[in-house]
Visitor: 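Got a structure for you, written out below as structure tokens; questions coming shortly.
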Amino acid sequence: MLPIGEVWRAVLETPLINLMVLLSVLTFGSYGIAILAFTVLTRVLTFPLTLRTLRSARRLQEMQPDLEAIQKKHSDPRRRSEEQMKLYRRKTVACERAGVAAVMLGTPVPCDWQAQGISRDELMKDYERHLERVHHVQLSDASLRVARQARKSMVAGINPIGCIGPQLLQMPIFFAMYIVIRTTLSQRPEDVLKLSSRLYDVDLLQRALPLDTEFLLMDLSANGNFVLVGVIFSSMWLTQRISSSRSASRAGSQQAQMNQMMQWMLPAIFGWFALVVPAGLGVYWAASTLIGLVLQWVFVGPGDFTWGSLLPTPVRVGMGMPAKAPPRGDGAAHGVGDRGGSDGAAERPDADEADEDTAQTEEADDGRRGQRTDGRRRRRSGTRPARGQSRTRRRRGDSRR
Amino acid sequence: MFHVKHSRRPVWSGRRSLLAAAVLGLVGLAAAGCTGQLAEPEGWAAPVLANGLVIVQERPGELVAVNIGDGVARDDRVVWRFPEDAVLPAGTDPDDIDLEAIYATPIVDGADVYVAAYSGDVLALRLDVGADEDQVRVRWLRRLSGHVVGTPAYDRAAGVLYVPTADGELVPVGTANGEVGEPVARADARLWSQPALDGSTIYVGGLDHRVRAIDRATQVERWSERLGGAVAGDPVLDGEMLYVGALDRSIYALDLGADGAERWSFPGDGWFWARPLLRGEMLYAATVNGSVYALDTRRGEELWRFPGADSEIRAQPVLVGGVLVVAARAGSLFGVDPATGDQLWREDLLEGQLLADPLVLESAILYITNKGELIEVDPLSGATTTVFARG
């Protein structure tokens, strides 16, 4: 059996080393351009997966009002999860958050479970088959806590595995690129000597060394500079800002707090990375983030983000813009009533209506109309919907008309 | 309408936040661990013989003088260490001396030893310190701007060292007092190979694929020949011919009488980094792919090939006692018949890498490993003896 290190080198590192050297040759000896070309190449290859994720994100954005309503309606986490599960089934979105790996990358990624129209049991079976086939995990095995956690997450409407395809693909590449850049651009004679054994037996590759380490006034083999840090920080911050705007929950909720933390922490961490790793890796990450940002902007949209929100209040006022930027997670982009912003009062009744509608739907689905399931007295306003038909649907139908 | 109660929790509260913070912390730790694994240069300076002492790099950037004379107990062989036992010039802070690693072979001229280190430091050591034989005196110490990997060329008559640097400069340094002159050559890439000197010309190869001929008197470039690959190894000068190994897996014979025109080139199975060995009309050249070629210097034809080494060959092959001895990086030593290329013996070291050129004594060969172990090899049998091992 091959040691894991050998497999890693043979499958990922060595091919990447040769690919980077080849790209460097094809880009007239510029390793910096080779890095950019590689970034575009990986983005193109993972584009179908990315596109699916982004489309899912768009759908989640569209169903955000309903999710908000469920969160407001149910204080009982179990009940809330069940309702979210029903909603996901209806909307063909199986998960809201991609779990820890997505959090690491700073992009809360909703995803497509491709389970439109199937029942919850069928969904669970499908998921179990996925676990067994892909991850060799038997849910029936009580000792496998991971699997149990996965199942629990699934019941709660979170699929920690199925939503992180682009991220799972990017992480090994990111770490491999770190090694590749160190190996190919190393100034240490011993490393250059060893590099000979990593290159394929192709003249074009063998005679390509040494590679040019200069790019945009940077030494790609040395630690990154503050310009690179600035590019990475700002692009990641903007990506976080946009992605969290489409999925953020109520202001002050745990999710909103986490998004807010991630919006600053992740750019700061990756900015720090850029200072302590070779600049070539920083160039790769900056380019990858910028491309991701563009894709997100094009396919999902900026959410509630406006460029004006970056300006200080006095400047905005001076330019005739609203004094206060729309608060995060206020639903302005989702059509949900505001709770803290200046425009919230006008939309508040609508939000309450949505809450009530969800409750009505829930009751109809459960066949327990009139019973209080969360132990709280339910306030009502407006007209009750017709039996078996949620007012949410009717209202949406009205709005379409 | 019903009222929704919002709880304002601090940003760091909640299990998710804690989990995220923990993950971020782990990522930070992993990154810090990765960055901490950057390897330091080790150096591959060859052992040299000076005043009856063998001077070797014991640890990266540290030298030791070893007395290998008969009757000296192994534990008593260390005569001095540098910089530990060095007598420094007045005003020099011992803490300022950090050579990092030594790749260049020290140059010996009587009791003087000139050392060029990876840090860019060039220094002159004087071995005879009167009664204080366990000390070494530093005559002068200069720091150049670039790393030094290639061995300097020494013009004994003029008292000048020509030091190739990773900045692509060939810097003259006077041996009398360490005076640093203006660079005599500038390349577009690192200079890692030792320059070759003849009467009026300096020949230097660079990683920019070029070999340059510099007029020593006027410091004007006479000609420049572009090869198929970078030149990292030392060239060999033989009258009107210059033999240069390159990283395009070829070795070149350049005609110096025709402004460096290529007389012939020979394609091998790997980079030619080790300094070739010239014996009569035979050129023994080794590749980093582990092969040794015997070439006819007149036409560049292969006479035989020894494919036996299973790792890179960086150390120069040597011919002692009628046996061609070859050392491979992984610690394998081979005795090869220089006429046929047949393997006569093989010896594998238990540990350590063999990258430095050997020191040839009358009937033995000394290799230094990257672990600071000095190995004596019998060329006839391949038997090895550890002469010195660092503590």
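Naming convention: chains lettered A, B, ... in sequence-line order (proteins, then strands); numbering from 1 in each chain.
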Visitor: Top residue by heavy-atom pair count (under 4.5 Å) with chain A, among B:Gln353, B:Arg329, B:Arg190, B:His209?
Guide: B:Arg190
Visitor: Measuring heavy-atom distances to chain A, does B:Glu312 have an atom under 4.5 Å in its side chain, in its backbone, in both, or in neither?
Guide: side chain
Visitor: When you compare the side chain of B:Trp271 with that of A:Leu209, does any pair of heavy atoms fall below 4.5 Å?
Guide: yes
Visitor: Does the pair A:Asp201 and B:Asp269 meet the rule for a side chain to side chain contact (heavy atoms under 4.5 Å, CB included), with working shown?
Guide: CA-CA 9 Å; A:Asp201 188 16; B:Asp269 64 354; over 6 Å; no
Visitor: Tell me every residue that passes ring pair (Phe, Tyr, Trp, His ring centres under 6.0 Å) with B:Tyr118, counting only those two or more places apart in sequence or in another chain.
Guide: B:Tyr103, B:His147
Visitor: Could you report the tightest heavy-atom contact between B:Arg249 and A:Val202, atom names first, then the distance?
Guide: NH2-C, 3.9 Å
Visitor: Does A:Gln206 reach the main-chain N or O of B:Leu247 with its side chain, forming a donor-acceptor pair under 3.5 Å?
Guide: no
Visitor: Among B:Gly270, B:Ala246, B:Gly228, which has the most heavy-atom pairs under 4.5 Å with chain A?
Guide: B:Gly228
Visitor: Kindly say whether B:Glu40 contributes a backbone atom to a donor-acceptor pair with the side chain of A:Arg188 at under 3.5 angstrom?
Guide: yes
Visitor: Can you find a pair of side-chain heavy atoms, one from A:Pro189 and one from B:Trp44, that are under 4.5 Å apart?
Guide: yes
Visitor: For A:Leu199, which atoms come within 4.5 Å of any heavy atom of chain B: side chain, backbone, both, or neither?
Guide: side chain
Visitor: Taking the side chain as every heavy atom from C-beta outward, state whether B:Val288 and A:Leu193 have any atom pair closer than 4.5 Å.
Guide: yes
